[in-house]
2 protein chains.
Amino acid sequence: MTNKKVYLEIVKQLREMISADNLKSGDKIPSERELSERLNVGRSSVREALRALELLGLIETRRGEGTFIRDFRGNQLVQLLGTFILQDEKAKLDVIETKNIIEMDFLRLVLNKVDKNKLSILKDLVEDDQLNDDQFFYQLIEMADNYLFSRIWLILKDYYNSLNLSKVEYNRNSYFLLLEALIEKDEQKTLDAYRQLRNLSILTDKY
Amino acid sequence: MTNKKVYLEIVKQLREMISADNLKSGDKIPSERELSERLNVGRSSVREALRALELLGLIETRRGEGTFIRDFRGNQLVQLLGTFILQDEKAKLDVIETKNIIEMDFLRLVLNKVDKNKLSILKDLVEDDQLNDDQFFYQLIEMADNYLFSRIWLILKDYYNSLNLSKVEYNRNSYFLLLEALIEKDEQKTLDAYRQLRNLSILTDKY
DNA sequence: GAAATAGGTGTGGTCTGACCACTGTAAACG
DNA sequence: CGTTTACAGTGGTCAGACCACACCTATTTC
């Protein structure tokens with residue numbers, strides 16, 4: 001029964017190894033040759049496993065040095081998938097809609113954790129034209145303090161920007177209104193300000 | 001300049017090849033040996049690329065037959081990542097919070113496109129205990145008609161399930177309340193019903 | 001003639017050995 | 001003591017070999 005693929009078994013072994021030795025990001029894992037010997041498999045099989053994990057962004061290899069565990073949290077794999085998937089028109093509309101929804105979500109999150117100081121600083125930045133739209137929302141999303149959520153937004157942002165939509169010129173005033181609404185902790189007003197910012201009306205009636 | 005890794009180049013080539021030939025899921029891609037020859041690289045490098053894509057779930061290989069493009073939609077990569085990544089507690093909380101937020105989002109989406117027939121059918125299914133929680137929400141999310149959003153939820157669901165949280169026993173009644181609220185197009189009532197279903201209260205005050 | 005069989009071909013799966021490019025370090029040198 | 005050099009270890013790549021398996025086809029068998 002040579003049923004199971006060796007490289008998958010190696011992936012599994014590696015996972016256990018990492019867990020057992022409590023390895024963290026930055027730590028070195030055994031060399032390909034050593035793994036090959038220890039696990040009684042060919043080096044090519046080890047490499048297949050490592051390359052797969054590398055593409056997933058779980059490890060990092062440096063020639064002449066070795067293979068290291070990576071900080072998983074920036075899983076770029078979704079972007080990889082994105083370039084494979086996003087194609088038809090409906091998908092584009094979905095991106096736009098989803099991005100808007102997510103942005104409203106973290107506006108609500110921010111409402112719960114309003115930090116007037118940070119918002120004030122942000123206001124100054126807008127005043128000095130220091131930020132573009134992405135950067136503005138990135139500042140906000142950081143306040144929401146949810147890493148996973150940030151990731152989703154970052155990916156959506158990339159998707160969105162890759163759509164090459166005609167850029168709408170926003171006026172600074174819209175951002176001010178939004179920030180003020182946040183400071184006032186007024187959800188309705190905040191979301192209204194957002195809709196105005198994005199020129200939303202019909203489709204997103206409830207949003 | 002042997003800078004770029006060959007296997008990454010192969011991944012890229014494959015992507016272009018798939019795009020150019022308009023290959024869809026189920027289609028066969030050239031054999032390892034043929035790719036090796038056509039791209040002037042060693043077969044082992046081709047294999048490294050293919051194994052990586054396989055682990056990502058983008059292709060499927062069948063010994064004796066060949067390598068085929070897979071239906072991307074079934075993202076099993078999440079499980080892999082899940083077991084690798086989700087470690088610290090904050091990350092887990094983020095997953096939970098995010099999943100809840102997303103679910104509320106598509107409840108709102110559904111509110112805009114209420115289809116009483118479908119909701120009625122869903123009600124019957126719940127009545128007959130045909131669905132578990134995931135399936136219930138999957139039915140709802142389909143009504144929201146946003147593929148990208150569905151994908152995000154599916155991923156979150158997988159993450160969530162890989163957390164191995166103690167299962168809360170939901171009672172059917174909560175689902176009924178939720179469905180009724182949807183049918184009535186009452187946003188407040190819908191979200192309240194959802195919170196009750198998930199036993200949310202404090203943290204998600206605004207939600 | 002139809003069905004069962006055997007063989008051939010093509011495919012992925014794995015291993016081995018070889019060589020290259022690069023890094024870090026210890027030994028040799030000045 | 002500082003600099004240079006040589007070497008060992010590591011990842012990167014390739015070529016060739018063999019195995020296991022799936023499929024098709026020609027042959028045999030009934």
Side-chain angles (χ1 to χ4, degrees), chain A residues 1-15 17-18 21 23-72 76 80, chain B residues 1-15 17-18 21 23-71 76-77 80:
Chain A
M1 287 298 157
T2 43
N3 220 344
K4 289 180 179 176
K5 301 191 183 187
V6 172
Y7 91 97
L8 286 178
E9 187 59 29
I10 296 173
V11 168
K12 190 180 163 193
Q13 293 286 331
L14 277 172
R15 195 165 52 201
M17 199 176 297
I18 291 172
D21 298 354
L23 299 181
K24 296 174 185 175
S25 74
D27 290 347
K28 192 162 177 254
I29 65 178
S31 74
E32 297 178 352
R33 289 174 178 82
E34 187 182 339
L35 284 172
S36 161
E37 215 172 300
R38 266 166 60 174
L39 303 177
N40 270 313
V41 294
R43 188 181 157 214
S44 51
S45 292
V46 171
R47 281 187 61 79
E48 287 178 12
L50 292 179
R51 260 3 89 214
L53 292 179
E54 186 179 54
L55 191 65
L56 272 172
L58 297 177
I59 60 173
E60 177 184 3
T61 56
R62 297 200 281 271
R63 178 188 294 190
E65 295 183 67
T67 304
F68 304 84
I69 298 181
R70 221 178 137 181
D71 183 10
F72 305 149
Q76 32 62 290
L80 223 173
Chain B
M1 290 291 162
T2 41
N3 221 341
K4 288 182 179 177
K5 302 192 182 187
V6 172
Y7 92 97
L8 286 178
E9 187 59 30
I10 296 173
V11 167
K12 189 179 162 195
Q13 293 286 331
L14 277 172
R15 195 164 52 200
M17 199 175 296
I18 290 172
D21 299 354
L23 299 181
K24 297 175 184 174
S25 75
D27 290 347
K28 192 160 178 264
I29 64 178
S31 75
E32 296 179 354
R33 289 172 178 84
E34 186 182 338
L35 285 172
S36 161
E37 216 171 300
R38 265 165 61 174
L39 303 176
N40 272 311
V41 295
R43 189 183 154 210
S44 52
S45 291
V46 171
R47 281 187 61 80
E48 287 178 13
L50 292 179
R51 258 7 87 213
L53 292 179
E54 187 180 52
L55 192 64
L56 270 173
L58 297 177
I59 60 172
E60 178 184 359
T61 56
R62 296 200 282 272
R63 177 187 291 187
E65 295 183 68
T67 304
F68 304 84
I69 298 182
R70 219 178 137 182
D71 185 5
Q76 38 64 282
L77 61 112
L80 226 173

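Lettering of chains follows the sequences in order, A, B, ..., and the numbering in each one begins at 1. As the structure is a computational prediction, the values presented were derived from the model and not from experiment.
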Nearest-angstrom distance from the residue atom [atom1] of [X] to [atom2] of [N]:
X	N	atom1	atom2	value
A/Ile10	C/dG13	CD1	P	13 Å
A/Leu55	D/dG11	CG	C1'	17 Å
A/Phe68	D/dT10	CZ	P	11 Å
B/Ile59	C/dT11	CD1	P	15 Å
B/Glu9	D/dG12	CD	P	16 Å
B/Glu32	D/dC21	CD	P	17 Å

Worksheet, complete the sentence: Looking only at heavy atoms, the pair that brings B/Tyr7 and B/Ala49 closest together is O-CB, 3.5 Å

Fill in: Distance-only donor-acceptor test (3.5 Å): side chain A/Arg33, base D/dG9
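Under the 3.5 Å cut-off, the side chain and the base do not form any donor-acceptor pair.
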
Item to complete: Carefully, step by step, assess B/Leu35 and B/Leu14 under the rule side-chain contact (heavy atoms from CB on, under 4.5 Å).
Response: CA-CA 9 Å; B/Leu35 285 172; B/Leu14 277 172; 4.1 Å; yes

Less than 4.5 Å apart, side chain to side chain, heavy atoms only: is that true for [X] and [Y]?
X	Y	result
A/Leu50	A/Ile29	yes
B/Ser45	B/Ile10	yes
A/Arg51	B/Arg51	no

Worksheet item: B/Thr61 side chain N/O closer than 4.0 Å to the phosphate oxygens (OP1, OP2) of C/dG13?
Response: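 Answer yes for this pair, as a side-chain N or O of B/Thr61 is under 4.0 Å from OP1 or OP2.
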
Practice prompt. Answer yes or no: does a side-chain N or O of B/Thr67 lie under 4.0 Å from OP1 or OP2 of C/dG12?
Written response: yes

Fill in: Main-chain N/O of B/Val41 paired to B/Ser36 side chain as donor or acceptor, under 3.5 Å
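It does hold such a pair.
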
Worksheet item: Does B/Glu60 pair with B/Arg62 as a salt bridge, N-O distance under 4.0 Å?
Response: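 Here B/Glu60 pairs with B/Arg62 in a salt bridge, since their nearest N and O are under 4.0 Å apart.
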
Fill in: Salt bridge present between B/Glu34 and B/Arg43 (N-O < 4.0 angstrom)
no

Between N or O atoms, less than 3.5 Å apart, protein on one side and nucleotides 6-10 of chain C on the other: list the pairs.
residue	atom	partner	partner atom	Å
C/dG10	N2	B/Gly64	O	3.1

Item to complete: Using a 4.0 Å heavy-atom cut-off across all strands, classify A/Ser36 as base, sugar-phosphate, or nothing.
Response: nothing

Fill in: Within residues 37-51 of chain B, residues whose heavy atoms come under 4.0 Å of DNA chain C
B/Arg43, B/Arg47, B/Arg51

Worksheet entry | Pairing residues for B/Thr61 by the side chain to side chain donor-acceptor pair (under 3.5 Å) criterion, not counting sequence neighbours | A/Lys5, B/Glu54

